[in-house]
Protein chains: 2
Amino acid sequence: MNQKQDGRSPSTRERILDVSLRLFSEQGYDKTSLREVAENVGVTKAALYYHFPSKESVLSALLEQAHVLGAHGVIFFPTAEIARDPGRLAAFAIRAIDTVLSQRSVFLLMERNRAAIAALPLPDQDHGDLHRQMEERWSALLRDSAIPLRQRVRFASALGAVMATAMGSLRGLGDAGLPALRQELALAVMDILEIPASSRPPLQESIGES
Amino acid sequence: MNQKQDGRSPSTRERILDVSLRLFSEQGYDKTSLREVAENVGVTKAALYYHFPSKESVLSALLEQAHVLGAHGVIFFPTAEIARDPGRLAAFAIRAIDTVLSQRSVFLLMERNRAAIAALPLPDQDHGDLHRQMEERWSALLRDSAIPLRQRVRFASALGAVMATAMGSLRGLGDAGLPALRQELALAVMDILEIPASSRPPLQESIGES
DNA sequence: GTCTATAACCAGATAGAC
DNA sequence: GTCTATCTGGTTATAGAC
């Protein structure tokens, strides 16, 4: 479940992240105590503090991990330039869909704990924090009045569609299998973004993860 | 801001709800203490407990209020039957858009505090709880394998699009004015749901609220 | 690298006076 | 309807032994 797969069995740190991801998603970040995490990992509360300096840092680590693993943290930074070119926009959208679907357990965590994540302290000066960078890029794009309102609404809608469908895949929508879901989602997003047939990329490729 | 507008100035109960809505949305439900709410209202913590039996009941009250005000709590219950008829589906979608946009401050609260809301105890046996009923209806629709996957993905996408756009309207997307935003969103949703031109309703009507 | 023990704190909630 | 005062319990986090 957690990456870094050598043959080795997962380190304590990795097990903490796995358990945290599960509990934070199921019960919510705030309602999950470190004592509870520790019990499920099979260590004591204090042991957690050896691996992470604070509860918040566990949440941060989960977000970072997902963004780094998900296509190297680059594909989530849409720009106005990309948005102007239907072909590039379509390719961007497909990559975003694959990233969200393959990392959907972490995106579920994100969607269910937006408030807690927003309240996260900034990690010591502009270092890292891919998550916030990504949010700011999207925000800038949506408020960029140089882009026609119609297109901005389409961007927001596409993002919402991807997130909602990926979340649905964890609650019953996914019964038909991930590849089929991916295919239908990609088509829906192409419609939302009004990508002309000539600019639509072929849809092969595969997906992984939990 | 809070409904029930006779000429009267808002009751303490109403002011508690207004302040809670603001703070819960800005900082998150779990990170907002009742002491903080009380201070902003201008009363003491204990006074809150006269009006509400618990912190959770404040959150519940906010959700109920929105669903009741928003088109009488009915329009959010999509059924497989409605989904089969393009005309009815389109009309349903438009009403949903208007409800979410007019109550968007509460929907922001919902989106940012999904975990806390999911953890809310059920209000004493099947009474009320429009919020959970609505979530279950949507969930049932998305997992209903009698409906083609393609259409279910479209439903999920449409819902996501409406929510994302409404949230965007509170963060810069709304600069062009709500009516224009509503118009573009409605068009996008018609595309997502693949409503044929002949079944698309005309788009007049207006919006209100904060 | 993991433990025991405990510090320090603050939350939600209640009792009862006014 | 609002207050003061207090209780109870759980939380993050730390110090220091092993």
Side-chain angles (χ1 to χ4, degrees), chain A residues 2 4 6 8-24 26-63 113 115-124, chain B residues 2 4 6 8-63 109 113 115-124:
Chain A
N2 203 307
K4 200 172 264 185
D6 333 340
R8 296 182 301 107
S9 60
S11 68
T12 300
R13 189 193 149 93
E14 285 159 353
R15 282 165 55 228
I16 292 171
L17 288 175
D18 282 342
V19 169
S20 298
L21 174 57
R22 200 186 79 235
L23 293 180
F24 289 174
E26 285 173 4
Q27 316 177 333
Y29 171 80
D30 291 285
K31 293 203 167 50
T32 304
S33 69
L34 289 185
R35 181 188 50 70
E36 209 173 354
V37 173
E39 273 170 13
N40 275 268
V41 172
V43 296
T44 62
K45 215 176 19 161
L48 297 192
Y49 277 94
Y50 172 78
H51 294 280
F52 296 94
S54 68
K55 186 185 180 187
E56 282 166 344
S57 72
V58 177
L59 182 53
S60 286
L62 287 170
L63 299 179
N113 294 281
I117 291 169
L120 235 39
L122 305 146
D124 258 341
Chain B
N2 204 305
K4 203 172 261 185
D6 330 337
R8 295 181 302 106
S9 60
S11 68
T12 299
R13 190 193 148 92
E14 285 159 353
R15 281 165 56 227
I16 292 171
L17 288 174
D18 282 343
V19 169
S20 298
L21 174 58
R22 201 187 79 236
L23 294 181
F24 289 174
S25 295
E26 286 173 3
Q27 316 178 333
Y29 171 79
D30 291 286
K31 292 203 168 48
T32 303
S33 69
L34 290 185
R35 182 188 50 72
E36 209 174 354
V37 174
E39 272 170 14
N40 276 268
V41 172
V43 296
T44 62
K45 207 175 32 155
L48 297 192
Y49 278 95
Y50 173 80
H51 295 280
F52 297 93
S54 70
K55 187 185 180 185
E56 282 166 343
S57 71
V58 177
L59 182 54
S60 286
L62 287 170
L63 298 179
L109 172 75
N113 294 280
I117 291 169
L120 233 39
L122 304 147
D124 257 341

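Sequence lines set the chain letters: A, B, ... in the order given, protein chains first and strands last, and positions in each chain run from 1.
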To the side chain of [X], which of [options] is closest?
{"X": "T44(A)", "options": "dT4(C), dA13(C), dT12(D)", "result": "dT4(C)"}
{"X": "A46(A)", "options": "dA13(D), dT14(D), dA13(C)", "result": "dT14(D)"}
{"X": "S33(A)", "options": "dA13(D), dT2(D), dT12(D)", "result": "dT12(D)"}
{"X": "V43(A)", "options": "dC3(C), dA5(D), dT2(D)", "result": "dC3(C)"}
{"X": "L34(A)", "options": "dT12(D), dG12(C), dC3(C)", "result": "dT12(D)"}
{"X": "T12(A)", "options": "dT2(D), dT2(C), dA13(C)", "result": "dT2(C)"}

*Closest heavy-atom contact between Y49(B) and L34(B)?*
OH-CD1, 3.2 Å
*Specify the closest pair of heavy atoms between A38(B) and T44(B), including all atoms of both residues, with the distance to one decimal.*
CB-C, 3.6 Å
How long is the line joining [atom1] of [X] and [atom2] of [N], in whole Å?
{"X": "H51(B)", "N": "dA13(C)", "atom1": "NE2", "atom2": "P", "answer": "16 Å"}
{"X": "Y49(B)", "N": "dA5(D)", "atom1": "OH", "atom2": "C1'", "answer": "15 Å"}
{"X": "Y50(B)", "N": "dT14(C)", "atom1": "OH", "atom2": "C1'", "answer": "16 Å"}
{"X": "R35(A)", "N": "dA5(C)", "atom1": "CZ", "atom2": "P", "answer": "17 Å"}
{"X": "E36(B)", "N": "dC10(C)", "atom1": "CD", "atom2": "C1'", "answer": "13 Å"}
{"X": "F52(A)", "N": "dT11(D)", "atom1": "CZ", "atom2": "C1'", "answer": "19 Å"}
{"X": "E14(A)", "N": "dG1(C)", "atom1": "CD", "atom2": "P", "answer": "13 Å"}
{"X": "K31(B)", "N": "dC10(C)", "atom1": "NZ", "atom2": "P", "answer": "15 Å"}

*Nearest nucleotide by nearest heavy atom, which residue falls closer to the 5' end of DNA chain C, K45(A) or P53(B)?*
K45(A)
_I want to check something: taking the side chain as every heavy atom from C-beta on, are Y50(B) and T12(B) in contact at a cut-off of under 4.5 Å?_
no
*Find which nucleotide of DNA chain D each of D30(A) and A47(B) is nearest to by heavy atoms, and output the residue with the more 5' nucleotide.*
A47(B)
*Report the C-alpha distance between V58(A) and Y29(A) in whole Å, list the side-chain angles of each, state the deciding distance to 0.1 Å, and finish with yes or no for side chain to side chain contact (heavy atoms under 4.5 Å, CB included).*
CA-CA 10 Å; V58(A) 177; Y29(A) 171 80; over 6 Å; no
_Any side-chain to backbone donor/acceptor pair from K31(B) onto A115(A)? Under 3.5 Å, distance only._
no
